[in-house]
Amino acid sequence: MSEASQRWQRALLALKLLALEPRLGGVCLRARAGPVRERWMETLARLPVPQRKVPLNVGHEELDGGLDLAATLGAGREVRTRGMLAEPCLLVVPMAERLAPGLAARLAQALDTGHRMIALDEGAGDDEGVSPTLSDRLAFLLDLDGMACGDALVGFGTLPEAAEVSSSEADIAAIAQLAQSLGVASTRAALFCLWAAQAHAALHRRRAVAPDDIEIAAILTLAPRATRLPEAAENDQDDAHDPPQPDDPPERDGAEGEAEAIPQDILLEAVRAALPADILTELARRRARRGARSAKGAGKGAKRAGNRRGRPLAPKPGPFDGRTRLDIVATLRAAAPWQPLRRKQGAAHPIEIRRSDFRMKRFEETSDTLLVFAVDASGSAALARLAEAKGAIELLLGEAYARRDHVALVSFRGTRAEVLLPPTRSLVQTKRRLGALPGGGGTPLAAGLQAATELALQGRAKGMTPTLILLTDGRANVALDGEADRLRAGQDALRQAQAVQGHGLEALVIDMGKRPERSLRTLAETMDATYLPLPRANAERVSAAVSTLVT
């Protein structure tokens, strides 16, 4: 059986276990829209539970119920509607990777109160994914990307009636040890493994959990959350920590005998087969990138004051001052319950609206990305560096129309820095400015950083998300005041790097020297920037490095 066919069978098995055990929470399915995913989604109809589709723009009233404005005004009393979370159901969430944090938290609360969920992760990049708030509450993390229709031939089959299955202390100990060996710190994941093992035993009409049930459950629940290979955990243990064995061990009771019967080495081997080392390395790299972005609050689509309107949010009370927009429907909903009381108080109009009823519209804005290139145009290697920078910027601009990115260019040489290209998305203007980019002279690195930082901060003030890309060999020899002093030039550059870090700007330092420069690595660490030595870079490699940072 091929690896893809095994993934398909496990995806169907996850649905069966979810149908038998509601405590498993649900499934996080990473897959693009296509025939394979549609075939898997068709099996949801076989689950004996009502289903509700949750759109990305769902409002508070649709989830939890709210005021029925028309019925309230007609009846003269408060009439409320029932939301989709009024009764336990299976929530189907398309594009779950784009859920707003507030909505993700509300759905996570629903999972804690008996609901189940199918979260469809359609993220295109490594830095996109379902919120950990949700994924930690979903037992199964599945991936059907890249599967062919021929691998999805097995049907769903039938479900037995739910039955009570017992598990021993030895089963719990085996699962806990396995989770520790895989580096899974979440206690909820270990519980998912236990419940999945019980559901798998019930699926095969067994009254007690068997080692095969634990093996399958661990592959489905613990393997996707693993942070290390089992060997790493085993090598950490030392024989010196083993408890001493008595010469005549006492007789053991039944529970301990069952603990010995559980083949822990077989469980480790089974899960290890589902955990290639390169996959774990890739997961670690993704977590590091996501952590860095979370710390800085930067990246594509950062949720901050932007320069174009975004997703509507729930309205909030506020003054009608002309700077914000009045939400008329929400205002009427807030005023409706008070109308009978206001009529008794002698209201002059059939519907009386007061200042406390005003509800203002809100939007969650996303900001455009601004790429500020600071290019070292000094020295004998200037022509090669400038050619690489020109090619990289032209390649990135080709993608800017789809990503709505802006590109700016700062050149530093001689005794000063110059802004050659203000933020733009114009391909014609960029090529014209790049063609006239001069080269030669000293290396005023501090002046280049200062000009690029100012340009980035100006873009941030306009609602953009700036990223600073520095291309240089790191051999600064001109101080900030224009004097040729190598020592002061390095000190000034470090001070400007501290300013970049202080403003929280995302940055990438590309070392274009023939050999990696230690001082430039130190400069990147001071900026809290990514350091990338590319001594033989071309336009494609520079463009790929920048795209990895900002997409």
Side-chain angles (χ1 to χ4, degrees), residues 25-34 36-38 40-41 44 51-64 83-85 90-111 115-138 140-145 224 283 286-287 289-294 296-315 361-369 399-405 463-465 506 547-551:
V27 177
C28 178
L29 179 69
R30 186 173 182 85
R32 296 293 189 89
V36 175
R37 196 185 80 173
E38 291 303 316
W40 187 86
M41 292 293 293
L44 293 180
Q51 301 178 19
R52 302 285 187 273
K53 186 175 181 180
V54 182
L56 286 179
N57 60 349
V58 65
H60 172 74
E61 289 85 0
E62 296 175 82
L63 284 177
D64 300 308
M84 63 176 63
L85 300 182
L90 179 67
L91 304 172
V92 181
V93 186
M95 294 186 290
E97 77 282 357
R98 299 187 182 182
L99 284 177
L103 179 56
R106 180 63 189 92
L107 294 178
Q109 186 181 18
L111 288 174
H115 292 271
R116 284 172 272 187
M117 178 183 294
I118 305 295
L120 300 178
D121 183 356
E122 303 176 25
D126 294 343
D127 57 344
E128 294 180 325
V130 176
S131 166
T133 304
L134 279 180
S135 61
D136 189 51
R137 288 169 167 80
L138 304 176
F140 307 112
L141 310 180
L142 305 178
D143 190 344
L144 297 183
D145 257 349
L283 290 175
R286 294 179 186 179
R287 282 194 299 271
R289 285 182 55 191
R290 291 175 186 172
R293 290 182 181 278
S294 299
K296 290 192 175 185
K300 186 66 178 177
K303 294 176 177 58
R304 57 179 67 184
N307 57 352
R308 66 177 191 271
R309 284 212 328 228
R311 181 185 304 163
L313 297 177
K361 289 185 176 182
R362 295 191 302 155
F363 297 92
E364 180 182 75
E365 298 179 334
T366 57
S367 53
D368 293 341
T369 295
E399 304 173 5
Y401 294 101
R403 295 195 316 222
R404 295 184 177 271
D405 293 349
M464 300 180 184
T465 301
E506 186 86 12
S547 297
T548 301
L549 181 70
V550 301
T551 58

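As a basis for the values below, the full set of heavy atoms in this structure was taken, side chains included, without hydrogen atoms, waters or symmetry mates.
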(request) Give, for atom CG of L111 and atom OG1 of T133, the distance between the pair rounded to the nearest 0.5 Å. (result) 11.0 Å
(request) Taking all heavy atoms of L44 and all of Q51, pick out the closest pair and write down the distance. (result) O-NE2, 2.6 Å
(message) Distance check, rounded to the nearest 0.5 Å: T369 atom OG1 versus M464 atom CE?
(response) 10.0 Å
(request) Take L91 and R116 through the test side-chain contact (heavy atoms from CB on, under 4.5 Å) and record every step on the way to the result. (result) CA-CA 6 Å; L91 304 172; R116 284 172 272 187; over 6 Å; no
(message) Could you go through M41 and V92, starting from their C-alpha distance and side-chain angles, then the distance that decides it, and tell me whether this counts as side-chain contact (heavy atoms from CB on, under 4.5 Å)?
(response) CA-CA 10 Å; M41 292 293 293; V92 181; 3.7 Å; yes
(request) Quick one: pull up CD in E122 and CZ in R98 and give me the separation to the nearest 0.5 Å. (result) 7.5 Å
(message) Rounded at 0.5 Å granularity, tell me how far CG in D121 sits from OG in S131.
(response) 11.0 Å
(message) Set out, in order, the CA-CA distance, both residues' side-chain angles and the distance that settles side-chain contact (heavy atoms from CB on, under 4.5 Å) for I118 and F140, then state yes or no.
(response) CA-CA 10 Å; I118 305 295; F140 307 112; over 6 Å; no
(request) Specify the closest pair of heavy atoms between P94 and L56, including all atoms of both residues, with the distance to one decimal. (result) O-CD2, 3.9 Å
(request) State which residue, out of V130, D136, D143, L142, fulfils the side-chain contact (heavy atoms from CB on, under 4.5 Å) condition with C28. (result) V130
(message) To check you understand the geometry: which heavy-atom pair defines the closest contact between P55 and L103, and what is its length?
(response) O-CD2, 4.4 Å
(message) Does any part of the side chain of L134, heavy atoms only, come nearer than 4.5 Å to the side chain of M117, both counted from C-beta?
(response) yes
(request) Could you walk me through whether L120 and R37 pass side-chain contact (heavy atoms from CB on, under 4.5 Å), step by step? (result) CA-CA 10 Å; L120 300 178; R37 196 185 80 173; 4.1 Å; yes
(message) Return the CG to CZ distance between L144 and R30, rounded to the nearest 0.5 Å.
(response) 12.0 Å
(message) Could you measure the distance from the CG atom of L29 to the CG atom of L138? Nearest 0.5 Å is fine.
(response) 11.0 Å
(message) Measuring only between side-chain heavy atoms, which start at C-beta, is D64 closer than 4.5 Å to R106?
(response) yes
(request) Inspect the contact between E62 and R52 and indicate whether a charged nitrogen and a carboxylate oxygen are less than 4.0 angstrom apart. (result) no
